[in-house]
*Asks:* 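Structure below; questions to follow.
Predicted model, so just to flag it, every value in this text is computed and none were measured. Proteins get letters first, then strands, A, B, ... in listed order; numbering begins at 1 in each.
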There are 2 protein chains.
Amino acid sequence: MTAPERTEPRLRGRPRSPATDAAIIEAALRLLEEGASVGGLSIEGIAREAGVGKATVYRRWPGKDALMLDVLRSLEEPSPEPAGVSVRDDLVTILEFMRRRGLAKRNSALLRSLVTQMHAHNELWRAYDENVIAARRASLRAVLRRGRESGEIRDDVDLELLADLFTGPMLSRAMLHEWKELPEGLAERIVDTVLAGVSPRG
Amino acid sequence: MTAPERTEPRLRGRPRSPATDAAIIEAALRLLEEGASVGGLSIEGIAREAGVGKATVYRRWPGKDALMLDVLRSLEEPSPEPAGVSVRDDLVTILEFMRRRGLAKRNSALLRSLVTQMHAHNELWRAYDENVIAARRASLRAVLRRGRESGEIRDDVDLELLADLFTGPMLSRAMLHEWKELPEGLAERIVDTVLAGVSPRG
DNA sequence: CCAATACGAGACGGTCTCGTATCGTTACCC
DNA sequence: GGGTAACGATACGAGACCGTCTCGTATTGG
């Protein structure tokens with residue numbers, strides 16, 4: 001899916017193999033799955049795992065950071081478009097998407113590692129934050145805004161706080177605990193409990 | 001604060017300097033604050049930063065992992081004992097403690113890194129999880145149980161889920177975003193919103 | 001004073017990765 | 001088929017760390 005930067009469409013000579021692009025990213029993912037920390041990951045090791053010469057990697061990416069950014073991007077799927085029927089169901093859809101993502105075995109330990117490394121280099125994190133996370137949050141905010149207008153959500157609650165109220169429990173479980181902490185039905189339970197409130201009779 | 005294991009109380013010879021213990025841990029913290037990733041941290045670098053010979057480090061800890069565990073422990077403060085007046089106030093106390101922790105600048109980026117590295121080595125993570133996190137969660141669960149008995153909390157909600165509902169938003173902000181995302185009053189707002197619920201009139 | 005141990009400094013041999021360069025081979029465009 | 005660039009492999013020198021060890025010195029208890 002993810003194609004590294006290609007400066008010009010070179011017309012002469014053997015073209016770069018897109019399969020090799022993918023093989024390199026796959027190798028990086030495989031190593032990360034096996035528990036390697038991002039810091040302990042090396043271009044050399046990735047090339048070895050991919051069955052590829054080091055130069056082939058360096059031909060595509062200038063260094064580990066840029067490669068990591070593409071690795072992270074390769075994990076992204078288009079988030080589902082909320083159906084727009086009820087706000088409650090849309091919220092469940094979004095959280096359920098997050099849950100399956102965390103379960104996807106690759107992503108759980110992986111996202112944690114990548115997020116940490118990204119944070120270290122502020123520029124990379126900003127790029128990822130602005131491209132990917134911002135879009136997700138915007139989608140969520142739109143749903144919340146609709147809920148506020150339709151009366152399904154109180155209008156005296158900060159939407160930003162609200163977003164974290166819904167996503168926080170899912171995220172913190174995925175990052176702190178193991179995959180088993182994201183059981184079936186968790187999305188519904190979070191949404192319904194936050195909507196209804198915890199104290200009896202509101 | 002944190003003293004590395006000392007196998008026996010050696011009676012003869014020059015005793016180890018507790019000041020050196022602290023200097024090493026301080027150096028590690030300093031490097032982590034400066035943005036070094038845990039993976040990129042080296043015993044050699046820590047010793048250099050501390051103005052200490054490498055052997056002095058190896059005399060105290062068998063390797064980086066063990067040292068990291070003590071570094072992590074050195075960040076722990078005793079969590080506040082909930083006053084026990086109202087469950088709502090106790091929850092605010094706990095969350096406010098988490099917030100100040102995340103703000104402490106050392107801990108924000110630091111906890112993120114350390115948690116990631118700990119997760120890599122399952123044994124260390126289990127040790128930390130059982131010693132520190134479990135105690136915190138137990139304290140929180142006790143408050144929630146009391147709230148359920150006193151009628152301040154509905155009795156049809158899973159306490160485990162409830163704990164994440166309260167702590168998740170704070171944790172995910174601290175880990176994903178920057179320090180500025182933990183503003184004054186956040187603890188109260190989370191607790192009150194989760195208690196009251198988001199939909200109007202409960 | 002003496003034995004024992006910790007200390008800072010750093011030498012040591014080893015492993016690992018870096019990023020570059022050079023092989024002969026391979027695949028594609030014109 | 002000829003030109004050209006990507007390919008896998010591997011060599012290269014530089015440099016970071018590893019964990020152990022040995023200096024000479026400092027600091028304790030007996």
Side-chain angles (χ1 to χ4, degrees), chain A residues 3-28 30-32 34-68 70-71 113 117 120-121, chain B residues 3-28 30-32 34-68 70-71 113 117 120-121:
Chain A
E5 283 181 34
R6 195 162 310 199
T7 45
E8 303 173 25
R10 300 154 197 274
L11 294 171
R12 292 196 299 238
R14 177 177 176 176
R16 290 189 192 160
S17 159
T20 305
D21 296 4
I24 293 170
I25 289 188
E26 277 299 312
R30 223 173 304 135
L31 290 173
L32 286 169
E34 286 168 7
S37 74
V38 182
L41 211 52
S42 67
I43 298 276
E44 201 140 353
I46 293 170
R48 204 181 310 130
E49 173 76 17
V52 145
K54 280 201 301 175
T56 303
V57 179
Y58 280 110
R59 217 171 274 127
R60 289 166 163 74
W61 293 277
K64 197 169 76 173
D65 291 344
L67 173 55
M68 284 302 137
D70 275 348
V71 168
S113 296
Q117 160 113 353
H121 300 289
Chain B
E5 283 181 31
R6 195 161 313 199
T7 45
E8 305 173 22
R10 301 153 195 275
L11 294 169
R12 293 196 299 240
R14 176 179 177 176
R16 291 189 193 162
S17 160
T20 305
D21 296 4
I24 293 170
I25 288 187
E26 277 300 311
R30 222 173 305 133
L31 290 173
L32 286 168
E34 288 168 7
S37 73
V38 182
L41 212 52
S42 66
I43 298 275
E44 200 141 353
I46 293 170
R48 205 182 308 129
E49 173 76 18
V52 146
K54 281 201 297 177
T56 303
V57 180
Y58 281 108
R59 214 172 276 127
R60 290 167 163 74
W61 294 277
K64 197 169 75 173
D65 291 343
L67 172 55
M68 285 302 138
D70 274 348
V71 168
S113 295
Q117 160 113 355
H121 300 287

*Asks:* Counting side-chain heavy atoms from C-beta on, which of D:dT4, C:dA4, C:dC7 comes nearest to B:R12?
*Replies:*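 Output: C:dA4.
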
*Asks:* Among D:dA6, C:dG10, C:dC18, which is the nearest nucleotide to the side chain of A:R60?
*Replies:*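 Among D:dA6, C:dG10, C:dC18, the one nearest the side chain of A:R60 is D:dA6.
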
*Asks:* Between C:dA6, D:dC17, D:dA6, which nucleotide gets closest to the side-chain atoms of A:R16?
*Replies:*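 Closest nucleotide among those given: D:dA6.
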
*Asks:* Does B:K54 use its side chain to pair, donor to acceptor, with the backbone of B:A47 at less than 3.5 Å?
*Replies:*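 Pair absent, no side-chain N/O of B:K54 close to backbone of B:A47.
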
*Asks:* Have a look at B:G51 and say if it touches a base, only the backbone sugar-phosphate, or nothing, with a 4.0 Å heavy-atom cut-off.
*Replies:* sugar-phosphate

*Asks:* Between P on D:dG8 and CG on A:D21, what's the gap in Å once rounded to a whole number?
*Replies:*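 Answer to the nearest Å: 11 Å.
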
*Asks:* Which is it for B:E34 and B:L31 under the side chain to side chain contact (heavy atoms under 4.5 Å, CB included) test, yes or no, and what are the steps along the way?
*Replies:* CA-CA 5 Å; B:E34 288 168 7; B:L31 290 173; 4.0 Å; yes

*Asks:* Ignoring hydrogens and geometry, is there a side-chain-to-backbone donor-acceptor pair from A:R16 to A:R59 under 3.5 Å?
*Replies:*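 Such a contact is found between A:R16 side chain and A:R59 backbone.
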
*Asks:* To the nearest Å, give me how far apart CG (A:L67) and P (C:dT17) are.
*Replies:* 15 Å

*Asks:* Would you kindly give the OH-to-P distance between A:Y58 and C:dT20, to the nearest whole Å?
*Replies:*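 The answer, rounded to whole Å, is 7 Å.
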
*Asks:* With the threshold set at 4.0 Å, does a side-chain nitrogen-carboxylate oxygen contact exist between A:R60 and A:D21?
*Replies:* yes

*Asks:* Counting side-chain heavy atoms from CB outward, which of C:dA6, D:dC17, D:dC7 is closest to B:S42?
*Replies:* D:dC17

*Asks:* Of the candidate nucleotides D:dA6, C:dC18, C:dA21, which contains the atom at the shortest distance from the side chain of A:R14?
*Replies:* D:dA6

*Asks:* A:W61 CH2 to C:dG19 P: how many Å, rounded?
*Replies:* 15 Å

*Asks:* Please report the distance, rounded to the nearest Å, between CD1 in A:I43 and C1' in D:dA16.
*Replies:*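 Taking CD1 of A:I43 and C1' of D:dA16, I get 17 Å after rounding.
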
*Asks:* From NZ of B:K54 over to P of C:dG10, roughly how many Å is that when rounded to an integer?
*Replies:* 12 Å

*Asks:* For the residue pair B:L67 and B:V57, what are the closest heavy atoms and their distance?
*Replies:*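 Looks like CD2-CG1, 4.4 Å.
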
*Asks:* Choose from D:dA6, C:dC18, D:dG8 the nucleotide whose nearest atom is closest to any side-chain atom of A:V52.
*Replies:*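 Within the option list, the nearest is D:dG8.
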
*Asks:* According to a strict under-4.0 Å criterion, is A:T56 in side-chain N/O contact with OP1 or OP2 of D:dG8?
*Replies:* yes

*Asks:* Rounding to a whole Å, what distance do you find between A:R48:CZ and D:dA11:P?
*Replies:* 14 Å

*Asks:* Could you state the atom-to-atom distance from NZ of A:K64 to P of D:dA16 in whole Å?
*Replies:* 16 Å

*Asks:* Quick one: on DNA chain D, does B:E44 or A:A55 contact a more 5' nucleotide (nearest heavy atom)?
*Replies:* A:A55

